Amino acid sequence: MSQNYKDTLNLPRTDFPMKANLAAREPEMLKAWEEAGIYRQIQKSREGRELFVLHDGPPFANGDVHMGTALNKILKDFVVKSQTMLGKRAPYVPGWDCHGLPIEYKVVKESRELSPLEVRKKCEAFARKFIDIQRKQFKRLGVFGDWEHPYLTMDPKYEAEILRALAVFVEKNLVYEAQKPVFWSTGAQTALAEAEVEYQERDDTAVYVKFPVVGGARSPNALANTSIAIWTTTPWTLPANLAIAVDAKENYVVQEFEVVHASDSLRGESAGADSGESRNRDGRTTLVLAEKLIPRFSAATGLQPVGKPLASFPGADLEGVKARHPFLDREVPIFTAGFVTMDSGTGAVHIAPGHGADDYVLGRKHNLPILSPVDDHGRYTDEAGLPNLTGKYVFDANADIVELLRERGTLLGEEKFHHSYPYCWRSKTPIIFRNVDQFFIRIDALRGRALQAIHEEVKWIPAWGENRIAGTVESRPDWVISRQRSWGVPLPVFYRAGHLSASSSEERNRDGRATSEAILDPTVIRKLADLVAQHGSNIWFEWDDAALAKEVGLPLGTTKGTDTIDVWIDSGVSHKAVCAVHPELRDPADMYLEATDQHRGWFQSSLMTSIALNNRAPYKMCVTHGFVVDVDGKKISKSGTYEKPTAADHFVGKYGADLLRLWASSIDYTTDVPFSEEIFTRLGDTYRRIRNTLRILLGNLHDLPNTRSSRADPAHAGEVEGARDETLKVAHRDAKPGLAASGAASTLVGTTLVDRWILERLDEVIATCRSAYEKFEFHKVYHAINQFCAVDLSSLYVDITKDRMYCDAPNSPRRRATQMAMREVFEALCSLLAPVLVFTAEEAWRYSAVAGIADAGQPGSVTPVTRSVHVQEFPQTQGRGREAIEQVEELLRLRGIIGQAIEQARQEKVIGNTLEARVVLNSDSDVTQKISKEELEEFFILSDLTIQQAKEASASVTKTPYEKCARCWRHRPSVGTSKAHPDLCDRCESVVAGADAT
RNA sequence: GGGCCUGUAGCUCAGUUGGUUAGAGCAUGCGCUUGAUAAGCGCAGGGUCACUGGUUCGAGCCCAGUCAGGCCCA
């Protein structure tokens with residue numbers, strides 16, 4: 001009999017599925033959005049609003065979207081969607097970085113022997129393919145934007161802007177030409193990037209060489225008649241030697257050595273006759289070298305120390321000392337440098353600024369010429385100062401150099417040295433470091449203003465970003481903007497007739513600088529830019545020199561260069577090529593948002609170009625996020641012994657995009673971002689909690705008449721039974737449009753403490769979330785909403801109001817009041833969640849809109865998208881205060897005391913179900929006097945409560961003597977008093993009787 | 001090796017200008033419910049705040065160092 005009563009309850013009803021099935025459902029939603037053009041609709045809805053420009057840093061069009069890229073795009077989408085829902089117009093124009101070595105490398109690897117033009121065409125196809133792949137994957141993540149009109153750095157119009165920017169740099173005298181050593185393949189006669197270098201094992205002749213000390217300002221007396229001993233595995237670089245480097249802190253000694261036994265390696269010593277001052281009469285020699293390396297030196301050369309060191313001092317004391325080149329008429333200075341190591345050699349490093357990266361930097365620091373007397377094929381030029389060897393391949397010349405050292409008596413020893421050495425991946429020839437003409441941007445001209453902008457004009461999130469970028473800007477050397485590559489925007493340099501080659505040594509002066517043949521002319525560059533805008537940059541490769549020269553107004557015989565522009569210029573001018581010219585955007589942008597590596601990358605390159613062009617930063621704010629790391633805090637690629645999937649697609653397919661987004665919202669992105677399968681499993685629980693909360697709210701709202709719109713959904717019109725509900729008529733009449741309507745909910749007849757409380761709490765959650773969104777602290781949104789759903793709603797509000805929701809008459813005032821509150825909560829939750837759970841929020845929103853629960857948007861429009869949750873604005877707080885919150889906090893304290901007493905009673909088997917308990921509460925709070933006993937019983941979810949005021953709070957539990965109501969399951973004194981329904985309490989009896997009557 | 005940053009329960013995060021017994025959600029264990037049911041509710045256990053030293057009446061918080069990790073340089 002009792003089971004019949006189930007039909008008289010108002011149980012929750014909704015079609016909103018409990019199981020999300022995101023992987024299957026999300027694509028359907030995407031399709032609907034796409035068909036409706038949701039991005040355009042959103043932009044339209046914000047016409048005339050305050051503008052917020054998040055400018056997209058272009059990812060490289062190469063490979064699949066991995067977790068790091070996904071995190072970046074999702075965070076950007078959080079910003080764009082939340083700014084939109086805060087009421088602003090926040091357009092999002094995504095972009096791709098298209099040029100650059102990684103693509104060119106892959107293309108060339110696949111098919112060799114291609115002309116530059118063929119390489120470029122294949123590169124473009126490659127880039128376009130991955131743009132399509134990534135675009136699909138980004139869209140799948142629920143990221144809204146102008147995906148059909150992204151900016152591409154290889155678009156002719158974009159390329160033209162790069163060139164125009166360069167014209168300005170040239171005009172402002174920021175560009176100069178100089179030389180810099182690069183990896184050079186003598187086999188392919190081309191510069192190589194680090195990625196194109198492969199290492200092979202190789203035997204070389206390593207030599208110990210002495211540089212006789214000739215004095216110097218701070219030279220200690222002890223250095224008279226001594227020589228600095230150096231060691232090198234590349235004797236062929238000695239003609240380019242211009243200095244020696246030592247470590248400042250390591251200890252160096254002046255030590256006498258003697259020959260202990262004759263050996264091949266010492267032929268140089270025995271033959272040496274005129275080596276001069278460092279040689280003692282008795283065949284001994286006095287050398288300066290690092291103390292630590294003496295044993296190794298002795299073992300390699302057979303020279304044994306004689307007695308104690310004559311002097312001992314830190315390397316810093318050698319700074320400024322001069323030594324004579326072992327075979328050229330040249331004095332070379334000694335410097336201290338950080339890169340000197342003590343694992344091999346003598347602690348004194350031979351420096352050839354034209355043949356090594358460290359050497360080059362040190363040489364620049366001390367204004368040494370950058371000498372590199374080697375041609376494209378790796379043959380000595382006459383600049384080497386060794387006429388006999390001019391034209392000889394340097395690796396073949398090693399033996400000649402050793403012989404020369406021996407002749408001059410400066411060879412201390414030689415040894416076979418086995419090491420790994422860089423080789424050209426294509427020609428398989430050993431690589432050399434060699435000078436090539438390069439173009440630079442003068443950073444010193446921009447540095448001061450850049451630092452000022454960093455410190456005074458840009459907001460950095462997190463704040464330490466300011467320190468970080470300032471540090472890199474302070475120490476950054478001049479910017480090398482030329483690349484010896486094919487896949488890039490051509491560097492618009494022409495050469496006057498007669499110029500041989502961009503890298504030919506013959507054209508250089510003695511100090512290693514190129515004779516200035518290059519034409520860098522702003523007018524010419526701008527003409528070229530116009531041509532490129534029209535035809536694309538391939539014309540540089542397709543048109544011959546004469547045609548190009550004619551078009552840009554240069555005389556016949558002018559030739560074009562072959563370099564391309566550094567891709568960091570490409571992306572670095574996006575503020576000019578995109579923000580400044582796109583009708584929906586603005587330069588400066590409000591925000592750039594990238595991973596922390598971009599402090600040195602895009603943030604800096606963009607800042608420099610913007611200072612150069614506009615004398616200001618291109619952004620008002622830079623936000624950075626950390627890298628995705630494994631659960632043990634290690635970089636994903638480094639952890640574990642097996643390959644773990646890192647492609648975003650894998651996780652989207654397994655868990656759904658909303659889960660990825662929930663993950664992105666749950667973490668504090670300012671530091672390393674932890675990521676693991678376990679984290680995803682936990683997030684699934686959180687997700688289900690949020691989803692079920694939305695679902696129970698929807699279920700409880702199924703019979704709430706639509707008071708928002710005069711246009712009832714015809715499909716559900718018959719269900720709007722509450723139209724005759726007096727309470728709601730009051731509510732409706734007082735209601736103002738939009739969310740203000742719900743302000744009436746808390747003053748409705750029938751409103752109880754819990755309703756006031758949940759709405760006050762909602763106010764707090766709205767305030768927290770709005771503030772967190774405004775400050776881009778998304779994980780605070782996550783935690784606030786999670787807490788609200790799990791604690792306030794699920795375990796309290798929904799649980800407490802179940803009795804009235806299920807058992808009261810459908811239109812009882814307190815039930816309707818609760819529904820009004822629930823509707824407000826539901827709408828607010830959907831909106832606040834929408835930037836994160838883009839699919840789920842929309843899905844719930846649709847179910848509610850169909851049921852006439854949520855705000856249906858503009859009346860008269862039937863397009864579902866115009867009702868999309870993503871067009872909504874975040875709810876505003878209603879200024880409800882904290883009165884109910886404070887009361888509930890008191891009650892929750894008492895609830896804990898009751899809970900413990902009940903738990904004990906349950907363990908003692910006094911009761912099973914909580915509703916069987918008779919509770920006597922000794923309350924120390926005055927709240928229990930202000931709130932009616934009936935409300936308190938409901939709040940504590942009890943059948944039988946007695947309150948007594950006391951000094952100390954306590955509770956006692958016995959089994960209630962009352963009978964259980966067959967309908968509401970509470971044990972009430974009124975059960976049995978009705979003749980018609982003796983198994984019901986009075987409340988349920990009247991509800992059932994009332995229903996029978998209609 | 002240098003610059004910047006991070007380290008609080010198994011997981012994700014709170015923890016205000018130093019001030020009671022370091023909080024929350026999830027997870028775990030034990031119960032209850034079966035009218036949110038591939039759900040819901042209650043209770044409980046779980047932390048040397050990475051480590052060491054210092055300043056202080058008092059340190060998760062301030063200082064120094066160590067260890068581990070990240071990004072960028074070298």
Side-chain angles (χ1 to χ4, degrees), chain A residues 3 5-14 16 18-19 247 249 337-341 357-358 361 462-472 474-477 595-601 604 624-635 638-639 662-663 665-668 670-676 678-689 691-700 777 779-780 782-791 794-796 798-800 802-803 805-807 895-896 898-900 902-904 906-907 911-916 941 967-969:
Chain A
Q3 61 264 37
Y5 290 118
K6 185 168 178 180
D7 302 332
T8 70
L9 298 172
N10 318 299
L11 292 179
R13 236 164 59 193
T14 178
F16 184 66
M18 179 180 285
K19 196 163 188 305
D247 187 274
K249 287 180 190 158
F339 56 79
V340 178
T341 63
D358 287 337
V361 172
W464 48 258
E466 177 182 338
N467 248 343
R468 182 148 194 206
I469 190 168
T472 66
E474 278 159 14
S475 63
R476 180 193 217 298
T596 64
D597 57 341
Q598 300 305 329
H599 278 125
R600 196 180 186 80
Q604 197 191 190
T624 52
H625 58 85
F627 275 67
V628 177
V629 294
D630 213 327
V631 72
D632 51 1
K634 295 217 175 97
K635 204 173 153 179
K638 283 184 184 165
S639 66
L662 193 62
W663 164 72
S665 80
S666 73
I667 45 82
D668 175 6
T670 60
T671 174
D672 294 336
V673 179
F675 166 78
S676 67
E678 190 203 342
I679 290 173
F680 263 83
T681 313
R682 303 264 170 281
L683 280 167
D685 296 325
T686 305
Y687 175 83
R688 274 189 292 277
R689 167 72 67 166
R691 186 178 178 91
N692 276 326
T693 303
L694 292 174
R695 184 168 178 269
I696 187 67
L697 292 174
L698 272 176
N700 277 333
E777 297 170 338
H779 68 285
K780 292 193 175 165
Y782 167 87
H783 283 283
I785 289 183
N786 185 18
Q787 196 98 345
F788 187 57
C789 286
V791 180
S794 193
S795 74
L796 291 174
V798 172
D799 209 34
I800 288 167
K802 264 181 193 170
D803 177 74
M805 288 307 301
Y806 299 175
C807 304
R895 181 176 177 265
I898 294 170
Q900 282 177 331
I902 286 177
E903 201 60 27
Q904 198 185 336
R906 218 197 313 265
Q907 278 175 23
I911 55 164
N913 190 319
T914 306
L915 287 171
E916 294 167 15
I941 316 183
R967 184 165 173 274
C968 70
W969 295 345

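Quantities reported herein were computed from a predicted structural model and do not represent experimental measurements. Within every chain, numbering begins at 1; the chains are lettered A, B, ... in the order of the sequence lines, protein sequences first and strands thereafter.
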Discussion item. For B:G25, is there a stacking contact with A:Tyr782, counting only centres under 5.5 Å and planes under 30°?
Written reply: no
Fill in: For A:Gln900, all residues meeting side chain to side chain contact (heavy atoms under 4.5 Å, CB included), sequence neighbours excluded
none
Worksheet item: In whole angstroms, how far is the C1' atom of B:C13 from the CD1 atom of A:Ile679?
Response: 12 Å
Worksheet item: Which part of the nucleic acid does A:His783 contact within heavy-atom distance under 4.0 Å: base, sugar-phosphate only, or nothing?
Response: base
Worksheet, complete the sentence: Answer for the Watson-Crick or wobble partner of B:U16, both distances under 3.5 Å, is none
Worksheet item: Are A:Ser794 and A:Arg689 linked by a side-chain donor-acceptor pair shorter than 3.5 Å?
Response: yes
Discussion item. On the side chain of A:Arg468, is there an atom forming a donor-acceptor pair with the base of B:C5 - under 3.5 Å, no angle test?
Written reply: no
Practice prompt. For A:Gly471 and for A:Val361, locate the closest nucleotide of RNA chain B by heavy-atom distance; then report the residue assigned to the nucleotide nearer the 5' terminus.
Written response: A:Gly471
Practice prompt. Between B:C13, B:C5, B:U12, spot the one nearest the side chain of A:Asn467, thanks.
Written response: B:C5
Fill in: Pairwise side-chain contact, A:Phe675 with A:Ile667, heavy-atom cut-off 4.5 Å (strictly under)
no
Item to complete: Without swapping roles, check the side chain of A:Arg695 against the backbone of A:Phe16 for a donor-acceptor pair under 3.5 Å.
Response: yes
Worksheet item: Mind checking whether A:Tyr806 and A:Asn10 have side chains closer than 4.5 Å, heavy atoms only?
Response: no
Fill in: Protein-nucleotide distance (A:Tyr687, atom OH; B:C26, atom P), rounded to Å
18 Å
Fill in: Side-chain (A:Arg906) to main-chain (A:Ile911) donor-acceptor, under 3.5 angstrom
no
Discussion item. Within this structure, what is the CG-CD1 distance for the pair A:Leu662 and A:Ile679, rounded to the nearest 0.5 Å?
Written reply: 12.0 Å
Fill in: Between B:A44 and B:G3 - C1' atom distance, rounded Å
49 Å
Worksheet entry | Per-nucleotide protein contact string for nucleotides 37-43 of chain B, where B marks a base within reach and S marks sugar-phosphate only (heavy atoms under 4.0 Å, - for neither) | SBSSSBS
Worksheet item: Atom CG of A:Asn786 and atom P of B:U12: how far apart are they, to the nearest Å?
Response: 15 Å
Worksheet item: What are the two closest heavy atoms between A:Val673 and A:Gly626, and how far apart are they?
Response: CG2-O, 4.2 Å
Worksheet item: So which one's nearest nucleotide on RNA chain B is more toward 5', A:Leu683 or A:Val673?
Response: A:Val673
Practice prompt. Using atom CZ of A:Arg600 as one end and atom C1' of B:G70 as the other, report the distance to the nearest whole Å.
Written response: 17 Å
Worksheet item: In whole angstrom, what separates A:Tyr806's OH from B:U34's P?
Response: 13 Å
Worksheet item: Whole-Å distance between B:G1 C1' and A:Asp247 CG?
Response: 10 Å
Worksheet item: What does A:Asn700 touch in the nucleic acid at a heavy-atom separation under 4.0 angstrom: a base, only the sugar-phosphate, or nothing?
Response: nothing
Worksheet item: Who does B:C43 pair with, Watson-Crick or G-U, both distances under 3.5 Å?
Response: B:G29
Discussion item. Need one value for A:Ile667: base, sugar-phosphate or nothing, where a base atom within 4.0 Å counts as base even if backbone is also close, heavy atoms only.
Written reply: sugar-phosphate
Worksheet entry | Minimum-distance nucleotide to A:Asn913 side chain [options: B:C11, B:G35, B:U33] | B:U33
Worksheet item: When you measure from the side chain of A:Thr596, which nucleotide among B:C71, B:G35, B:U12 comes out closest?
Response: B:C71
Worksheet item: Who are the ring-ring contact (aromatic ring centres under 6.0 Å, His included) partners of A:His599, not counting sequence neighbours?
Response: A:Phe603
Item to complete: Pick base, sugar-phosphate or nothing for A:Trp663, based on heavy-atom distances below 4.0 Å to the nucleic acid.
Response: nothing
Discussion item. Return the pairing partner of B:G35 with a 3.5 Å limit on both distances, Watson-Crick or G-U wobble; otherwise return none.
Written reply: none
Worksheet, complete the sentence: A:His779 NE2 to B:C13 P, in whole Å, measures 7 Å
Worksheet item: Between A:His625 (NE2) and B:C5 (C1'), how many Å, whole number?
Response: 15 Å
Worksheet item: Which part of the nucleic acid, if any, lies within contact of A:Val791, taking any heavy atom under 4.0 Å across all strands shown: a base, the sugar-phosphate backbone alone, or nothing?
Response: sugar-phosphate
Worksheet entry | Base paired to B:C62 (Watson-Crick or G-U; both N/O distances under 3.5 angstrom) | B:G54
Discussion item. I want to check one thing: is the phosphate of B:G35, taken as OP1 and OP2, less than 4.0 Å away from some side-chain N or O of A:Tyr5?
Written reply: no
Discussion item. Could you tell me the Watson-Crick or G-U partner of B:G7, where both distances fall under 3.5 Å? Say none if there is no partner.
Written reply: B:C67
Worksheet item: With both distances under 3.5 angstrom, what nucleotide forms a Watson-Crick or G-U wobble pair with B:G1?
Response: B:C73
Response to the item:
Regarding the side chain of A:Gln787, the nearest nucleotide among B:C11, B:C5, B:A24 is B:A24
